[in-house]
There are 2 protein chains.
Amino acid sequence: MTDTTAPRTARARARAELTQEIVDTARAHLAVDGAAGLSLRAVARDLGMVSSAIYRYFPSRDDLLTRLIIDAYNALGEAAEGAEAQVRRGDLRGRWLATADGVRRWGLKHPHEWGLLYGTPVPGYAAPQDTIDPASRVTGLLIALLAEMHAHGAASNTPVPKAAHVSLTKVRAVIPESVPDDLIFRGLMAWTQLIGTVTLEVNGQFDNVISGMDAYFDHVMRRTAVSLRLG
Amino acid sequence: MTDTTAPRTARARARAELTQEIVDTARAHLAVDGAAGLSLRAVARDLGMVSSAIYRYFPSRDDLLTRLIIDAYNALGEAAEGAEAQVRRGDLRGRWLATADGVRRWGLKHPHEWGLLYGTPVPGYAAPQDTIDPASRVTGLLIALLAEMHAHGAASNTPVPKAAHVSLTKVRAVIPESVPDDLIFRGLMAWTQLIGTVTLEVNGQFDNVISGMDAYFDHVMRRTAVSLRLG
DNA sequence: TCCGAGTCAAGAGCAGTGCTCGCGATACCG
DNA sequence: CGGTATCGCGAGCACTGCTCTTGACTCGGA
């Protein structure tokens, strides 16, 4: 871990600032050329420095990408949280719709970063541990929603076969015990519906299929709300 | 269009064979290194020729990729059709489950090709017209299913708001008129659920969430069948 | 105040990439 | 048989990520 306090020396301050400049420039390039087109040399050129100097701040291109991924997860999380926070707490359906809308808006605004999060993983790249915390931030919203739904008595105890129950073992670790299997499945499927719809839209797979994606998305998420017993 | 008949001259035959060899070698590399790692020079090396010679057969790397995409769409289509064809025609639910299973199996077997179809599009790459026919092959299965469902009287006429109705204008061109809006939405959402689930699984996003993906997928697709009124 | 230790940007260089072009050799066809 | 179109080859351009050395700078302790 680097220092959490403000940098004391001029050198440390310069380092922190330059690191941030590199990240910002890289993100700008990412937004234009996509992940595959992100070039360390181009970033260095923009900053008026030589390519090898970048390696003083990021040991490899993948590490720079990792940083961008973490930032993207946090940005998406913030966007979703911000949208969801504006809805009255008791309006669970409204909170779901706001979350979905916030996620979609962010994705459409940052298509390449969306691809970084939910698209094809980069070649030999394995998501390091640092990314899983920010990644779970968005899903945390949904989990909170599920817990409140159950607490507020939205009883939905459709029985679940044993094999399906077992498949939830891992996810059980981060969800309150009282939430029934049935509700977890509804939540996972709603989440998949959301990520899938946005991914297909961002990748242009709806281009020749749907006209007026706003209305389509809205209606789909309303139907998904019904599946969540929030109808 | 190239000639549909068998090539007459030795040169034409050699050209056809070598073209196929290039595609096969490229697909092998794709399966190992992914789309970003596909190198024309490496393919040429494997074939014992010089890199520039490849350009006699494919004008650019993107054109080779396009060919791989088309082949992948067709392979996925065949896999899905093959799985679906083994179910008794009258068993609509079974046909849906078989299709879903076939799609998933193919995706897990060819993760990089799946990423080519439903993952992040490559940098400056715009899917050429040639890809849309094979792409719609898979969705054709679902459309046929929807039409039969409606014909067999699985009435599901939940009214759809006007804005949502309008968003279906384009897709209406390839679906029998009699199929109601409600059913189209169910179909699109089921399709999104399928593609989304497989994409998330292929990209490893379920790794720390679900244990026993087979059972999870099966249960999710059964629930989706219920949403399709095939319960 | 001075001086050693740590940090930094720079530059050359390696191995790899997609792609272009001119050169001969060769197979095809009128 | 002769002209033409096709083919593989090799050199070369501009680019990439990354490594290593070199010389200059800053900082903190004596």
Side-chain angles (χ1 to χ4, degrees), chain A residues 2-3 5-23 25-26 28-30 32-69 116 121-126, chain B residues 2-3 5-23 25-26 29-30 32-69 121-126:
Chain A
T2 51
D3 47 355
T5 86
R8 309 184 73 88
T9 74
R11 185 129 77 184
R13 206 180 320 121
R15 182 179 182 84
E17 280 175 14
L18 191 43
T19 303
Q20 192 56 46
E21 273 188 78
I22 292 173
V23 172
T25 309
H29 282 206
L30 178 69
V32 175
D33 303 317
L38 177 66
S39 152
L40 284 189
R41 296 180 109 108
V43 170
R45 266 195 301 274
D46 272 21
L47 264 52
M49 62 204 297
V50 129
S51 71
S52 57
I54 302 275
Y55 290 85
R56 296 268 177 212
Y57 299 85
F58 291 94
S60 79
R61 182 180 176 275
D62 276 6
D63 289 82
L64 179 52
L65 260 181
T66 299
R67 169 63 183 269
L68 291 174
I69 291 178
L116 223 48
V122 290
Y125 182 83
Chain B
T2 50
D3 48 353
T5 86
R8 308 184 74 91
T9 74
R11 189 132 74 183
R13 205 180 321 119
R15 180 177 184 86
E17 280 174 15
L18 192 42
T19 303
Q20 191 57 45
E21 274 188 78
I22 292 173
V23 172
T25 310
H29 282 207
L30 178 69
V32 175
D33 303 316
L38 177 65
S39 151
L40 284 188
R41 296 179 109 108
V43 170
R45 267 194 301 272
D46 272 20
L47 264 53
M49 62 201 301
V50 131
S51 72
S52 57
I54 302 274
Y55 289 84
R56 299 271 182 215
Y57 300 84
F58 292 94
S60 79
R61 183 179 175 274
D62 275 6
D63 289 83
L64 179 53
L65 260 182
T66 299
R67 170 63 183 269
L68 290 175
I69 291 178
V122 290
Y125 182 83

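A note on names: the letters A, B, ... follow the listed sequences, proteins ahead of strands, and every chain is numbered from 1. These numbers were taken from a predicted model, which means no experiment stands behind them. Computation of the quantities below employed the complete heavy-atom set of this structure, encompassing side-chain atoms and omitting hydrogens, waters and symmetry-equivalent molecules.
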Taking side-chain contact (heavy atoms from CB on, under 4.5 Å) as the definition, give me every residue that meets it alongside B:A53, ordered by chain and number, with sequence neighbours left out. B:M49
Phosphate-side-chain proximity, B:S39 and C:dG18, N/O vs OP1/OP2 below 4.0 Å: yes
Taking any heavy-atom pair under 4.0 Å as a contact, classify A:L47: base, sugar-phosphate, or nothing. nothing
Mind checking B:S60 for me? I need base, sugar-phosphate or nothing, with any heavy atom below 4.0 Å counting as a touch. sugar-phosphate
Starting from C1' on C:dA15, measure out to CZ on A:R61 and report it in whole angstrom. 17 Å
Is A:R13 close enough to D:dT26 that one of its side-chain N or O atoms is under 4.0 Å from OP1 or OP2 there? no
Do B:D33 and B:L38 have side-chain heavy atoms sitting under 4.5 Å apart? no
Rounded to whole angstrom units, what separation is found between the CD atom of B:E17 and the P atom of D:dC7? 14 Å
Heavy atoms only, 4.0 Å cut-off, all strands: where does A:A14 land among base, sugar-phosphate and nothing? nothing
Mind calculating the distance between NE2 (A:H29) and P (D:dT16) to the nearest angstrom? 10 Å
Just call it for A:L64: base, sugar-phosphate, or nothing, with non-hydrogen atoms closer than 4.0 Å on any strand. nothing
Atom CG of A:L40 to atom P of D:dG17: distance rounded to whole Å? 5 Å
For A:T25, enumerate each residue passing the side-chain hydrogen bond (donor to acceptor under 3.5 Å, both in side chains) test, keeping only those at least two apart in sequence or located in another chain. none
Taking atom P of D:dT16 as reference, at what distance in whole Å does atom CG of A:D33 sit? 10 Å
Using the test side-chain contact (heavy atoms from CB on, under 4.5 Å), find all partners of B:T19 that sit at least two apart in sequence or belong to another chain. B:R15, B:Y57, B:F58, B:R67
The side-chain contact (heavy atoms from CB on, under 4.5 Å) partners of B:R56 (sequence neighbours excluded) come to none
By side-chain contact (heavy atoms from CB on, under 4.5 Å) - contacts of A:S39 (at least two apart): A:R41, A:A42
A:Y55 has its side chain closest, among D:dT19, C:dC28, C:dG18, to D:dT19
Set out, line by line, the N/O atom pairs under 3.5 Å between protein and nucleotides 4-11 of chain C.
{"from": "C:dG6", "atom 1": "N2", "to": "A:R11", "atom 2": "NH1", "distance (Å)": "3.4"}
{"from": "C:dG6", "atom 1": "N2", "to": "A:R11", "atom 2": "NH2", "distance (Å)": "3.3"}
{"from": "C:dT7", "atom 1": "O4'", "to": "A:R11", "atom 2": "NH2", "distance (Å)": "3.4"}
{"from": "C:dC8", "atom 1": "OP1", "to": "A:R15", "atom 2": "NH1", "distance (Å)": "3.1"}
{"from": "C:dC8", "atom 1": "OP2", "to": "A:R15", "atom 2": "NH1", "distance (Å)": "3.0"}
{"from": "C:dA9", "atom 1": "OP1", "to": "A:Y57", "atom 2": "OH", "distance (Å)": "2.7"}
{"from": "C:dA9", "atom 1": "N7", "to": "A:R56", "atom 2": "NE", "distance (Å)": "3.4"}
{"from": "C:dA9", "atom 1": "N6", "to": "A:R56", "atom 2": "NH2", "distance (Å)": "2.6"}
{"from": "C:dA10", "atom 1": "OP2", "to": "A:V50", "atom 2": "N", "distance (Å)": "2.9"}
{"from": "C:dA10", "atom 1": "N7", "to": "A:S52", "atom 2": "OG", "distance (Å)": "3.2"}
{"from": "C:dG11", "atom 1": "N7", "to": "A:S52", "atom 2": "OG", "distance (Å)": "3.4"}
{"from": "C:dG11", "atom 1": "O6", "to": "A:S52", "atom 2": "OG", "distance (Å)": "2.7"}

Does B:R41 get its side chain close enough to the base of C:dG16, under 3.5 Å, for a donor-acceptor pair? no
If we count only N and O atoms by modelled type, under 3.5 Å, do the side chains of A:D63 and A:S60 hold a donor and an acceptor together? yes
